[in-house]
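Labels below follow one simple rule: chain letters A, B, ... track the order of the sequence lines, proteins then strands, and each chain is numbered from 1.
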Amino acid sequence: MRIYNSKTRKKEEFIPVHEGKVGIYACGPTVYDYFHIGNARPFILFDVLRRYLESVGYDVTFVQNFTDIDDKMITRANEEGITVKELAERYIKEYFIDAKNLGIRPATVHPRATEHISQIIAIIEKLIENKLAYAKKGNVYYRVHAFKDYGHLCGQNLEDLESGARIDVNEQKENPMDFALWKAQKPGEPAWDSPWGPGRPGWHIECSAMSMEYLGETFDIHTGGKDLLFPHHENEIAQSEGATGKPYVNYWMHNGFINIDNEKMSKSQGNFFTVRDIAAEYDLENVRMFMLSSHYRSPVNFSRELIAQAASALERLYGARDQLSFLQKTAENREPNQAEITLMQEADKAQEKFNAAMADDLNTADAIGALFELVREIFKLPQAGVSKAALDKAQQTMLRMTDVLGLLLKKTDEIPQEISDMLAERETARKEKNWKRSDELRDAVQAAGYILEDTAAGQKVRKSV
RNA sequence: GGUGCCAUCGCCAAGUGGUAAGGCCAAGGUCUGCAAAACCUUUACCCCCAGUUCGAAUCUGGGUGGCACCUCCA
């Protein structure tokens with residue numbers, strides 16, 4: 001697989017640290033609220049990365065953290081009159097609800113910052129020992145000028161970063177660019193004991209501590225939104241490499257942003273959507289489809305119209321899958337004929353194109369194109385009596401692709417008894433050419449949320465998605 | 001001020017040197033008791049100008065237009 005590495009700004013062949021294994025660390029949500037549509041993009045994309053790597057045989061350890069202590073957590077907890085811990089518990093629970101509906105699998109490990117305080121303290125002590133950090137009045141800061149590679153990841157040198165800096169002057173810092181590793185406790189804030197007095201970790205240090213705890217001091221892939229490149233990931237490198245003296249991460253992957261009407265989504269502009277908001281109006285699988293239909297590094301616009309387009313495309317996919325199940329009912333155990341052999345060849349071609357697209361820096365848009373090329377071939381099949389071998393091949397190939405994308409997770413071909421009864425009655429009415437009764441029954445079935453089609457091989461019904 | 005990214009059909013979107021995937025929408029046709037779905041057909045000189053090349057959407061230079069990061073915002 002080739003991966004665009006933000007560190008080198010090039011696509012590179014992926015070579016894991018340990019053969020056959022991949023360690024991935026994904027920056028997760030700060031659990032002070034429902035997560036928004038912009039958060040959903042990396043969650044979905046890197047879930048697909050994980051599925052793809054597994055599908056080609058890697059043993060993947062996927063770590064995604066929960067930031068459960070920071071300024072936003074403290075502010076929100078105070079507003080709601082609950083503890084930071086209670087707030088975290090609530091939104092971690094909500095995270096899993098939305099994630100499930102988006103088809104995002106739980107990570108191998110979901111570590112929380114507050115459960116890794118001792119690891120955080122150990123790294124800070126090491127940094128102080130290495131003269132890369134200094135304590136002042138219960139705070140500890142990173143001495144940015146002492147780390148030679150600072151600015152390498154984001155491609156800027158320190159002077160340029162400083163000239164553009166819009167950060168508050170803080171007399172305790174030796175340099176305005178220095179960032180906090182440990183923050184002394186302020187009145188009313190939760191705190192943990194440390195060699196520098198009670199306090200809490202800064203934002204960046206938790207990711208260094210948790211990633212190395214579960215993946216080792218040097219690991220394969222670190223993901224996140226483009227905005228995290230600086231300062232968050234730059235600081236993670238400074239912290240981790242400053243403490244261990246070893247390379248921290250081999251491949252950095254950053255996703256582009258979601259815009260609303262070409263504008264950055266922000267609360268102040270009122271163009272802000274949480275995933276929970278969207279879920280009230282649309283099935284979240286449509287959101288997943290939408291996210292995968294463009295390249296992960298490009299910025300994308302989000303709108304109702306685009307969700308509707310994704311929904312129509314997804315409907316076609318479900319239609320093809322259910323068509324295959326329908327055809328299985330009349331499948332024939334015989335050698336495939338010429339047309340069926342062609343279908344089988346097309347399936348191989350689509351699979352090949354799909355794999356090549358995914359292996360090329362996770363080009364899901366191109367991969368979906370390959371999937372639809374197979375879908376067209378499937379729909380060309382006659383309505384009954386297809387060779388089982390050809391059917392199995394098409395089905396297997398299609399499902400293998402949709403599994404990697406994490407699509408088509410719903411069952412749509414399970415029909416409850418009452419619907420079956422109506423179908424049976426309609427079958428009789430149709431034989432008697434009682435079109436009035438037949439149409440009434442069709443309306444009733446459709447009103448119940450099912451799609452009913454008449455084919456040469458009988459009635460075909462499936463649940464509408 | 002520094003650093004990057006982007007501009008392909010009505011909408012979305014792949015394609016990074018060899019003559020434009022795919023999805024949505026639309027029109028016409030086939031099939032159907034009617035419908036639905038599906039299938040077939042139709043719809044792109046790739047923002048502009050100049051250059052390199054046998055050949056450029058793809059490379060170079062210059063425009064124009066849009067966006068982002070340098071703020072604990074994915």
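- Using modelled atom types, one side-chain atom of A:Asn139 and one backbone atom of A:Ala184 make a donor-acceptor pair closer than 3.5 Å.
- With hydrogens and angles left out, the side-chain atoms of A:Gln64 and A:Tyr95 include a donor and acceptor closer than 3.5 Å.
- None of A:Phe46, A:Phe14, A:Phe219 except one satisfies the ring-ring contact (aromatic ring centres under 6.0 Å, His included) rule with A:Tyr251; the exception is A:Phe14.
- A:Ala313 and A:Met289 get closest at one heavy-atom pair: CB-CE, 3.9 Å.
- Side chain of A:Asp361 to main chain of A:Tyr4: a donor-acceptor pair is present (N/O by atom type, distance under 3.5 Å, no hydrogens or angles).
- Between the P atom of B:rC5 and the CG atom of A:Leu229 lies a distance of 12 Å, rounded to the nearest Å.
- In this structure, A:Tyr150 has its ring center at least 6.0 angstrom away from the ring center of A:Tyr142.
- When atom types are taken as modelled, the side chain of A:Asn363 and the backbone of A:Met358 share no donor-acceptor pair closer than 3.5 angstrom.
- Along RNA chain B, the nucleotide nearest A:Leu452 and the nucleotide nearest A:Glu305 are compared for position; the residue whose nucleotide lies closer to the 5' end is A:Glu305.
- Below the 3.5 angstrom threshold, one finds a donor paired with an acceptor across the side chain of A:Asp439 and the base of B:rG33.
- Between the NE2 atom of A:His233 and the P atom of B:rG4 there is a distance of 20 Å, rounded to whole Å.
- Stacking annotation: A:Phe43 is not stacked on the base of B:rA74 (requires ring centroids less than 5.5 angstrom apart and an interplanar angle below 30 degrees).
- Note on A:Arg437: nothing from the nucleic acid sits closer than 4.0 angstrom, heavy atoms only.
- Atoms CD (A:Glu377) and P (B:rC39) sit 10 Å apart, rounded to a whole Å.
- Computed from coordinates, the A:Glu453 CD to B:rA35 P distance equals 15 Å when rounded to whole Å.
- Each of A:Gly256 and A:Phe379 was matched to the nucleotide of RNA chain B holding its nearest heavy atom; the match closer to the 5' end belongs to A:Phe379.
- Among the protein residues, A:Leu371 comes within range of no part of the nucleic acid, since none of its heavy atoms lies under 4.0 Å from any strand.
- Atom pair A:Asp454:CG and B:rA36:C1' shows a separation of 8 Å (rounding to whole Å applied).
- Distance, A:Phe326 CZ to B:rA36 C1': 13 Å, rounded to whole Å.
- When distances run from any side-chain atom of A:Ile258 to the nucleotides B:rG33, B:rA74, B:rC11, the shortest one goes to B:rA74.
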Go ahead and write out RNA chain B as dot-bracket, 5' to 3': ( ) for pairs within the strand, [ ] for ones crossing earlier pairs, | when the partner sits on another strand, dots for unpaired; Watson-Crick or G-U wobble, both distances under 3.5 Å.
((((((((.[[[..)..(...]]].(((((.......)))))....[[[[[..)....]]]]])))))))....
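- Here A:His233 contributes atom NE2 and A:Tyr25 contributes atom OH; the two are 8.5 Å apart, rounded to the nearest 0.5 Å.
- Between atom CD of residue A:Gln185 and atom OG of residue A:Ser194 there is a gap of 10.5 Å, rounded to the nearest 0.5 Å.
- Under 4.0 angstrom from either OP1 or OP2 of B:rC40 there lies at least one side-chain N or O belonging to A:Lys380.
- In this structure, A:Phe96 has its ring center under 6.0 Å from that of A:His110.
- Interatomic distance, A:Thr364 OG1 to A:Leu45 CG, rounded to the nearest 0.5 Å: 6.5 Å.
- Atom P of nucleotide B:rC11 and atom CZ of A:Phe290 are separated by 16 Å, given to the nearest angstrom.
- Judged by atom type and distance alone, A:Arg442 reaches the base of B:rA35 through a side-chain donor-acceptor pair under 3.5 Å.
- Stacking is not found between A:Phe257 and the pyrimidine-like six-membered ring of the B:rA68 base under the 5.5 Å centre-distance and 30° plane-angle cut-offs.
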With 3.5 Å as the limit, what N/O pairs link the protein to nucleotides 64-66 of chain B?
none

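- Within 4.0 Å of A:Gly224, counting heavy atoms only, lie sugar-phosphate atoms of the nucleic acid but no base atom.
- Proximity of the aromatic rings of A:Tyr91 and A:Tyr34 is defined here by a centroid distance below 6.0 angstrom, and this criterion is met.
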Under a 4.0 Å heavy-atom criterion, the protein footprint on nucleotides 13-29 of chain B, written with B, S and -, is SSS-----BSBS-----
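- Checked against the 6.0 Å centroid threshold, A:Phe290 and A:Phe302 count as a close aromatic pair.
- Contact between the side-chain N/O atoms of A:Lys460 and the OP1/OP2 oxygens of B:rA38 is not found at any separation under 4.0 Å.
- Residue A:Arg297 contributes atom CZ, which lies 19 Å from atom P of B:rA68 at whole-angstrom precision.
- To the nearest whole angstrom, the two P atoms, one in B:rG15 and one in B:rA7, are 10 Å apart.
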